[in-house]
Participant: 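Structure in structure tokens, see below.
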Protein chains: 2
Amino acid sequence: MTKKIETEEKIEKCPVETALDILAGKWKILILWYLRRETLRFSELQRMLPKVTQKMLVQKLRELEKDGIIHREVYPIVPPKVEYSLTEYGETLKPILKQMYLWGEIHKKKLNKKF
Amino acid sequence: MTKKIETEEKIEKCPVETALDILAGKWKILILWYLRRETLRFSELQRMLPKVTQKMLVQKLRELEKDGIIHREVYPIVPPKVEYSLTEYGETLKPILKQMYLWGEIHKKKLNKKF
DNA sequence: CTGGATCCAAAAAGATACTG
DNA sequence: CAGTATCTTTTTGGATCCAG
């Protein structure tokens, strides 16, 4: 193996960076926001995020699934039905989402003045 | 009072998106984290963010300055000295930073298990 | 309906060298 | 010290076409 963990904790990451590892990427936070309290089908997410291309949406959902943040439930029916929801682990991100919402809510007007 | 919505409603952005407009980009949140309670020189930020290239650091600092989040103070001396600090507006982002820190702190170990 | 695969363009990020 | 300038690489976006 090419694993080099000799000086393991040498590069201790800032916790903020840890969170960013999960949340970085252009659409992830918004996806999680819409999933914060309801299970949604792929097509529903698409409608809620009209500016995200199908390819990107698929890609980001896969990444979130891989990180254990969301759950992907496939119903073996025709036509296909796939539902996405937050996992228990994903739920723990809600306070971050909430703070971003609160900030955006308060500062929306200030932003609008600039554009 | 008049509830103006109607035509503007469809352009109305989700507040989370508003926050993301400011914070998106790979390094902004981390930059703000390190500036959360101290004024830092450019070189100090560079040392704290060794993985960010100089170009990106300059670029993101400029964007944050343009958005009114941070203040850039230039001292006309030799050698040059430039200090960055949060503006009052930037201070309002602290709850978001804090939540990301808290989440990262708690889930760092879970993440480490995967890498 | 929920994608996967491919091709191409544009934007963001990274690496490196240089400067007042 | 605090950046620019230039070039290369990676990521993202968009447009199809295809399949179970």
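Side chains included, hydrogens not; waters and symmetry mates left out as well; all remaining heavy atoms used. Just so it is clear: chains get the letters A, B, ... in the order the sequence lines come, proteins before strands, and each one is counted from 1.
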Participant: Return the value, rounded to whole Å, for the distance between atom CG of A/Leu30 and atom P of D/dT12.
Facilitator: 15 Å
Participant: Any sub-3.5 Å donor-acceptor pair from A/Lys81's side-chain atoms to A/Pro76's backbone N or O?
Facilitator: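 No; judged by distance alone, with no hydrogens or angles, the pair does not exist.
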Participant: Quick one: label B/Tyr84 by what it contacts on the DNA or RNA (base, sugar-phosphate, nothing), any heavy atom closer than 4.0 Å.
Facilitator: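 Since only primed, P, OP1 and OP2 atoms lie under 4.0 Å of B/Tyr84, the category is sugar-phosphate.
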Participant: Is B/Arg62 close enough to D/dT4 that one of its side-chain N or O atoms is under 4.0 Å from OP1 or OP2 there?
Facilitator: yes
Participant: For B/Glu44 and D/dA2, what is the distance between atoms CD and C1' respectively, to the nearest whole Å?
Facilitator: 13 Å
Participant: Nearest of D/dT12, D/dG3, D/dC1 to any side-chain atom of A/Met56?
Facilitator: D/dT12
Participant: Does D/dT11 have OP1 or OP2 under 4.0 Å away from a side-chain N or O of A/Trp27?
Facilitator: no
Participant: To the nearest Å, how far apart are A/Leu49 CG and D/dT12 P?
Facilitator: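 It works out to 15 Å between those atoms.
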Participant: Using a strict 4.0 Å threshold on nitrogen-to-oxygen distance, state whether B/Lys66 and B/Glu63 make a salt bridge.
Facilitator: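 Answer for the salt bridge query: no.
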Participant: Just the rounded figure in Å: distance from C1' of C/dA5 to CD of A/Gln59.
Facilitator: 13 Å
Participant: Between A/Pro79 and A/Lys60, name the one whose nearest nucleotide on DNA chain D is closer to the 5' end.
Facilitator: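 Looking at the nearest nucleotide for each, A/Lys60 comes out on the 5' side.
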Participant: Do you know the tightest heavy-atom contact between A/Thr87 and A/Ile70?
Facilitator: CG2-C, 3.4 Å
Participant: Please tell me which of B/Val52 and A/Pro80 maps to the more 5' nucleotide of DNA chain C, matching each residue to the nucleotide holding its nearest heavy atom.
Facilitator: A/Pro80
Participant: Quick one: is D/dC1 close enough that its OP1 or OP2 comes under 4.0 Å of any side-chain N or O from B/Arg41?
Facilitator: no
Participant: Answer yes or no: does atom NZ of B/Lys98 have more than 12 heavy-atom neighbours from other residues, nucleotides or ligands under 6.0 Å?
Facilitator: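 No, NZ of B/Lys98 has 12 or fewer neighbouring heavy atoms, counting only those of other groups under 6.0 Å.
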Participant: In whole angstrom, what separates B/Met48's CE from D/dA2's C1'?
Facilitator: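 Distance check: B/Met48 CE to D/dA2 C1' gives 18 Å.
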Participant: Starting at the 5' end of DNA chain C and moving along, which residue's nearest nucleotide shows up first, A/Lys81 or B/Gly25?
Facilitator: A/Lys81
Participant: Looking at C/dA13, I'd like to know if its phosphate oxygens (OP1 or OP2) sit under 4.0 Å from a side-chain N or O belonging to B/Thr53.
Facilitator: no
Participant: Restricting to non-hydrogen atoms, name the atom on A/Lys94 and the atom on A/Arg36 that form the minimum distance, rounded to 0.1 Å.
Facilitator: CE-O, 2.7 Å
Participant: Separation of B/Phe42 atom CZ from D/dC1 atom P, in whole Å?
Facilitator: 11 Å
Participant: Whole angstrom is fine here: how far is it from CD in A/Glu73 over to P in C/dG3?
Facilitator: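 Spelled out: CD on A/Glu73 to P on C/dG3 is 12 Å.
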Participant: Roughly how many Å is it from CD in B/Glu83 to P in D/dA2, rounded to a whole number?
Facilitator: 9 Å
Participant: Between D/dG14 and A/Gln54, counting only base atoms on the nucleotide and side-chain atoms on the residue, is there a donor-acceptor pair under 3.5 Å?
Facilitator: no
Participant: Looking at D/dG14, does its base get a donor-acceptor pair with the side chain of A/Lys55 below 3.5 Å?
Facilitator: yes
